[in-house]
Amino acid sequence: MIDIKLIRDNPEAVFQAMEKRGEGRESIDEIIGLDNTFRRFLQEAEALRARRNEVSKQISLMKEKPADLIAEMRQVGERISQIEAESSEITARLEDKLLRLPNLPAADVPVGKDSQDNIEVRSWGKPKEFTFKPLPHWELGEKLGIIDFQRGVKLSGTRFYVLRGQGAQLQRALINFMLDLHVNAHGYTEIFPPFMVKKESMVGSGNLPKFADNLYHDIEEDYWFVPTAEVPLTNLHRDEILTPGTLPLYYVAHTSCFRREKMAAGKDSRGIKRGHQFEKVEMYKFVEPETSVSELDKLTRDAEDICQKLGLPYHVIQLCTGDMGFAAVKTFDIEIWAAGCREWLEVSSCSNCGDFQARRANIRYRPDSESKPRLVHTLNGSGLALPRIMISIIENYQQQDGSILVPEALHPYMNTRVIK
RNA sequence: GGAGGGGUGACCGAGUGGACGAUGGUGACGGUCUUGAAAACCGUUUUAGCUUCGCGCUAACGCGGGUUCGAAUCCCGCCCCCUCCGCCA
């Protein structure tokens, strides 16, 4: 959520930032209008309440309760409830508009319309040359009996698959490898959060109210299934004031992620690239505002470290204003090479969200014991998404006989050096 | 799911219709004392909104509604925690 004061005091700057994202002016104009109305109501109600408080105090001191004063206050009370009813409707609309407004991009984010305008910032490794035609993972996976698409569909329908034997083990090895690296080498604290959360948590992270159509929702109990561990991690400190010395906080969590992917029906349907349920290791940081720029760089490097240790060629892309996520100030994507399907796959998206989530989730800290609470900055990044690293490993490490070499970094985590 | 008990400031805990943003204690911070520290004593210590920016006004005692001139206090609904019972990996 953007600071309403910023919109109030500097609507033009906000509008220009929104325009870079391809957002219209109407919602901002509407917000300003609602805010003005709300404040008029508020001031009237507060003046009336002040009057009522004062008179009530006087009445309490009198032995004889004067009927005329009480009658007047009864009217004042009625007027107050009238205003409250009207202004609560205004507030709800204002709140909804604010919650649906995306974050302001940082000044140094390249302006652009869509992924065409993203910029490559660096790359590592070279796609491997093969002496034979490398196969896509769906063919290899089926041949090796490590991915079962048909039974996935039987169990749950389209976009579901079953990992079997060394396929399942490979995924588990990767999860452990990544968690260990982030915990032991990068200084993160491991968290195992709930996969179902309440509505407030989804609002805090920015997934609700705007993106309900990509979420699974249990109506009976009103539980929402997390589309990423970013949701529970953001809300770990919701409604808290962190005491001096606690920042920065680095968290890492492995969760299943659930996404309806409704708008992408038919897209990427081959293989395990885009399922309704997938595993992901997520890094998350709560930091002081002054440090979030450099923390984003460190976060991205932590994700890259995984790719390097697994020997997977990648490049780092800076997203342009039009392609960035809702909550982000600035985002770097990491794309790894998949030799079989011959494409660069997005395995990580590392974002600085500034105070956007902190304001929604009311996450503050005190720099020292005397100072006022300030909003923290939050950052998130995949470290990494499992299906796509699996794809890249399967396809890049395949051999002519259809077997797959296990990357050296995973040797301590697997009981075999070759999947066959 | 059923029965009973409870939710008050960073924490503990008082408060059952009016002067209560809320007694007291702990903690934290500042001071006195001390070579220094502890102890003792004194003082300070919520968050947010509006704003004529004046610490002026308003709001917040789990959440939401109601009664009342006035609600932490009374009434209704919901949520959460504890105990017992039931069910269950």
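Every chain is numbered from 1, with letters handed out A, B, ... down the list of sequences.
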Got a sec: does the CZ of A/Arg151 have more than 12 other heavy atoms crowding it under 6.0 Å? no

A/Leu48 CG to B/C69 C1', in whole Å, measures 14 Å

Return a single string for nucleotides 48-64 of chain B, one symbol per nucleotide in 5' to 3' order, where B is base contact, S is sugar-phosphate-only contact and - is none, cutoff 4.0 angstrom on heavy atoms. SBSS-----BBS-----

Partner of B/U32 by Watson-Crick or G-U wobble geometry, both contacts under 3.5 Å, or none? B/A40

Counter-base of B/C61, judged by Watson-Crick or G-U geometry with both distances under 3.5 Å: none

Measure up the A/Tyr188 and A/His186 rings against each other and bin them: parallel (under 30°), tilted (30 to 60°), perpendicular (over 60°). perpendicular

Between B/G70 and B/G21, how many Å separate the two P atoms, rounded to a whole number? 16 Å

Is a salt bridge present between A/Arg100 and A/Asp96, judged by a nitrogen-to-oxygen distance below 4.0 Å? yes

For B/G9, the Watson-Crick or wobble counterpart (both distances under 3.5 Å): none

If we take the P atom in both B/G30 and B/G36, what is their distance in whole Å? 16 Å

If B/C87 has a Watson-Crick or G-U wobble mate with both distances under 3.5 Å, name it; if not, just say none. none

Complementary nucleotide for B/G4 - Watson-Crick or wobble, under 3.5 Å: B/C82

Is it true that A/Glu84 and A/Arg49 make a salt bridge, defined as a side-chain N closer than 4.0 Å to a carboxylate O? yes

A/Met283 versus A/Leu379: any side-chain heavy-atom pair under 4.5 Å? no

Between A/Phe356 and A/Phe326, does the ring centroid distance fall short of 6.0 Å? yes

Say you pick atom C1' in B/C33 and the same atom in B/A40; how far apart are they, in whole Å? 9 Å

Can the ring centres of A/His237 and A/Tyr251 be said to be less than 6.0 Å apart? yes

Assign each of A/Ser60 and A/Leu69 the nucleotide of RNA chain B bearing its closest heavy atom; nearer the 5' end lies the nucleotide of A/Ser60

Nucleic acid contacts - residues 71-90 of chain A versus RNA chain B, non-hydrogen atoms under 4.0 Å: A/Met73, A/Arg74

Send over the distance from A/Ile70 CD1 to B/G18 P, rounded to a whole Å. 15 Å

Is the shortest side-chain N to carboxylate O distance from A/Glu343 to A/Lys273 below 4.0 Å? yes

Mind checking the P distance from B/G66 to B/A72? Whole angstroms is fine. 15 Å

Residue matched to B/C20 through Watson-Crick or wobble contacts both under 3.5 angstrom: none

Go ahead and name the base partner of B/U68; Watson-Crick or wobble counts if both distances stay under 3.5 Å, otherwise write none. none

Measuring from A/Glu295:CD to A/Leu247:CG, what's the distance to the nearest 0.5 Å? 10.0 Å

With sequence neighbours left out, write down each residue that passes side chain to side chain contact (heavy atoms under 4.5 Å, CB included) with A/Tyr216, or none if nothing qualifies. A/Phe225, A/Phe258, A/Arg260, A/His276

Say we look at B/A28 and B/C11: how far apart would their P atoms be, to the nearest angstrom? 15 Å

Determine the Euclidean distance between corresponding P atoms of B/G1 and B/G13; express it in Å to zero decimal places. 28 Å

Under 4.0 Å, counting only non-hydrogen atoms across every strand here, what does A/Arg366 touch: a base, just sugar-phosphate, or nothing? sugar-phosphate

Find the partner of B/U73: check Watson-Crick (N1-N3 plus N6-O4 or O6-N4) and G-U wobble (N1-O2, O6-N3) distances, both under 3.5 Å, and reply none if neither fits. none

Should we say atom NZ of A/Lys199 is surrounded by more than 12 heavy atoms from elsewhere, each under 6.0 Å from it? no

For B/G4 and B/G86, measure between their C1' atoms and round to the nearest Å. 15 Å

Between atom NZ in A/Lys199 and atom C1' in B/C79, what is the gap in whole Å? 13 Å

Nearest whole angstrom, please: distance from the C1' of B/A10 to the CG of A/Leu242. 13 Å

Please give the distance between the C1' atoms of B/A60 and B/G5 as a whole number of Å. 26 Å

